[in-house]
*Asks:* 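Before we start, here is the structure in question, set down as structure tokens.
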Amino acid sequence: MRFPRSFALCVVLLACGPNGADSSGAPSAAPATSASADGPAKHDLAALREAEQRRAPGMIGQPDLASREPDVRAAAARASARIATPGARAGLLRGLADEDASVVAWAAYGLGFRCLEEREATVSALVARALTLRDEDVAVAFGPIARAVGRCAGTRSEATLVSWLDGSAERAREAALGLGDLAGQAKKLREETLVALLLRAEGGVSTPPLPEALYPLSRLENVPPSVTARVAEVARARLADPGPYRLFAIRALGRAREAGPQTALPPPPAGSPA
């Protein structure tokens, strides 16, 4: 299971609230893993769907969270994450350590909204799990982990997400979205973080431009004057790129203009909107 790019784009463009009905980087659905032919597993899945729909945490038991069937564990983690009661934390932490990437993804999603009481401990657990993901699990689980690290806004969140910007394009993309969630919480980012985002948005000889790296800038209250001209320069360049992510460049350019009319902005590239 991997949640679609179009879904993730809708999330960040609309800046919707808690990853509630799939609005902040949550996995799109419980996976259809190896179908268990036995009746109990099918019954468990139906009961867990009912628990999720009724917002009834009492209907989710330890047998569901520890089931031998990955699809049952994933359904239990999904229900726990979406119900998001304080008592769900222990089960979500258990799901974070699961061997199945779908279970990990839903657990991370839920922990991102249950981290106020144990913010630092939650961020530490998320970061540790990200470091142990298998390569084949990154596409499913890394995004929800990065988004949760950003939403928890712990003392390690910003530095960790910035370090992930240096990874593959897939990891860097999710790290940028996580920094956007962090910016939405704190309304500010360190200047060195903005510089790292702009470098990734611009691209280089061996790394293509990453337009999603401009997303966090759209969630800041103010852009520091020291980087305003640079923000405008990179955003202008990304305006020339086709595709829906140009909206990030438009918003970043707006932030640069809001920072002060005294800053001279570079001219737009040919073919881009004025």
Side-chain angles (χ1 to χ4, degrees), residues 1-11 16 18-115 122 125-126 128-149 151 170-171 174 177:
M1 181 206 75
R2 53 188 299 168
F3 46 112
R5 289 283 303 278
S6 59
F7 170 78
L9 174 59
C10 174
V11 171
C16 298
N19 247 263
D22 289 349
S23 67
S24 303
S28 58
T33 51
S34 59
S36 174
D38 59 331
K42 293 181 179 179
H43 172 75
D44 291 342
L45 290 174
L48 290 168
R49 283 193 295 270
E50 182 181 359
E52 179 183 337
Q53 293 164 1
R54 292 176 58 184
R55 298 296 189 263
M59 296 178 64
I60 307 169
Q62 286 301 318
D64 300 314
L65 297 167
S67 172
R68 298 172 67 179
E69 298 291 337
D71 51 354
V72 173
R73 298 198 307 275
R78 168 178 166 146
S80 297
R82 287 188 158 174
I83 295 170
T85 60
R89 177 179 166 78
L92 292 173
L93 285 172
R94 177 172 185 165
L96 191 66
D98 200 278
E99 63 182 14
D100 185 83
S102 299
V103 181
V104 175
W106 279 113
Y109 168 80
L111 287 169
F113 293 103
R114 293 303 331 160
C115 58
T122 300
L126 290 163
R129 189 64 182 94
L131 296 176
T132 59
L133 287 176
R134 297 172 297 185
D135 291 342
E136 60 268 29
D137 294 336
V138 168
V140 175
F142 186 77
I145 290 176
R147 303 297 297 273
V149 169
R151 283 191 298 270
E170 186 172 30
R171 288 178 181 265
E174 300 299 346
L177 298 181

*Asks:* Taking C-beta and beyond as the side chain, do D44 and D71 meet within less than 4.5 Å on heavy atoms?
*Replies:* no

*Asks:* Kindly compute the distance separating CG (L111) from OG1 (T122), expressed to the nearest 0.5 Å.
*Replies:* 6.0 Å

*Asks:* Which salt bridge (charged side-chain N to carboxylate O under 4.0 Å, His left out) pairs, counting each pair once, include a residue from residues 45-58, with sequence neighbours left out?
*Replies:* E50-R54, E52-R78, E52-R82

*Asks:* Which atoms form the tightest heavy-atom contact between S80 and L65, and what is the distance?
*Replies:* OG-CD2, 4.3 Å

*Asks:* Please enumerate all residues that pass side chain to side chain contact (heavy atoms under 4.5 Å, CB included) together with A108, with sequence neighbours excluded.
*Replies:* L96, L126, P144, I145

*Asks:* Residues in side chain to side chain contact (heavy atoms under 4.5 Å, CB included) with R134, at least two apart?
*Replies:* E136, D137

*Asks:* Which pairs, with at least one residue in residues 89-98 and sequence neighbours excluded, count as a salt bridge (charged side-chain N to carboxylate O under 4.0 Å, His left out)?
*Replies:* R73-D98

*Asks:* Nearest 0.5 Å please: distance from the CD1 atom of I60 over to the CG atom of L48.
*Replies:* 6.5 Å

*Asks:* Could you report the tightest heavy-atom contact between L45 and A75, atom names first, then the distance?
*Replies:* CD2-CB, 3.7 Å

*Asks:* Please name the pair of heavy atoms, one in G110 and one in A81, separated by the smallest distance, quoted to 0.1 Å.
*Replies:* CA-CB, 3.5 Å

*Asks:* Without swapping roles, check the side chain of S67 against the backbone of P63 for a donor-acceptor pair under 3.5 Å.
*Replies:* no

*Asks:* Which pairs pass salt bridge (charged side-chain N to carboxylate O under 4.0 Å, His left out) with one or both residues in residues 103-115, sequence neighbours excluded?
*Replies:* R114-E117

*Asks:* Restricting to non-hydrogen atoms, name the atom on G112 and the atom on A148 that form the minimum distance, rounded to 0.1 Å.
*Replies:* CA-CB, 3.8 Å

*Asks:* Identify, with sequence neighbours excluded, every residue that meets side chain to side chain contact (heavy atoms under 4.5 Å, CB included) alongside R171.
*Replies:* V138, F142, S168

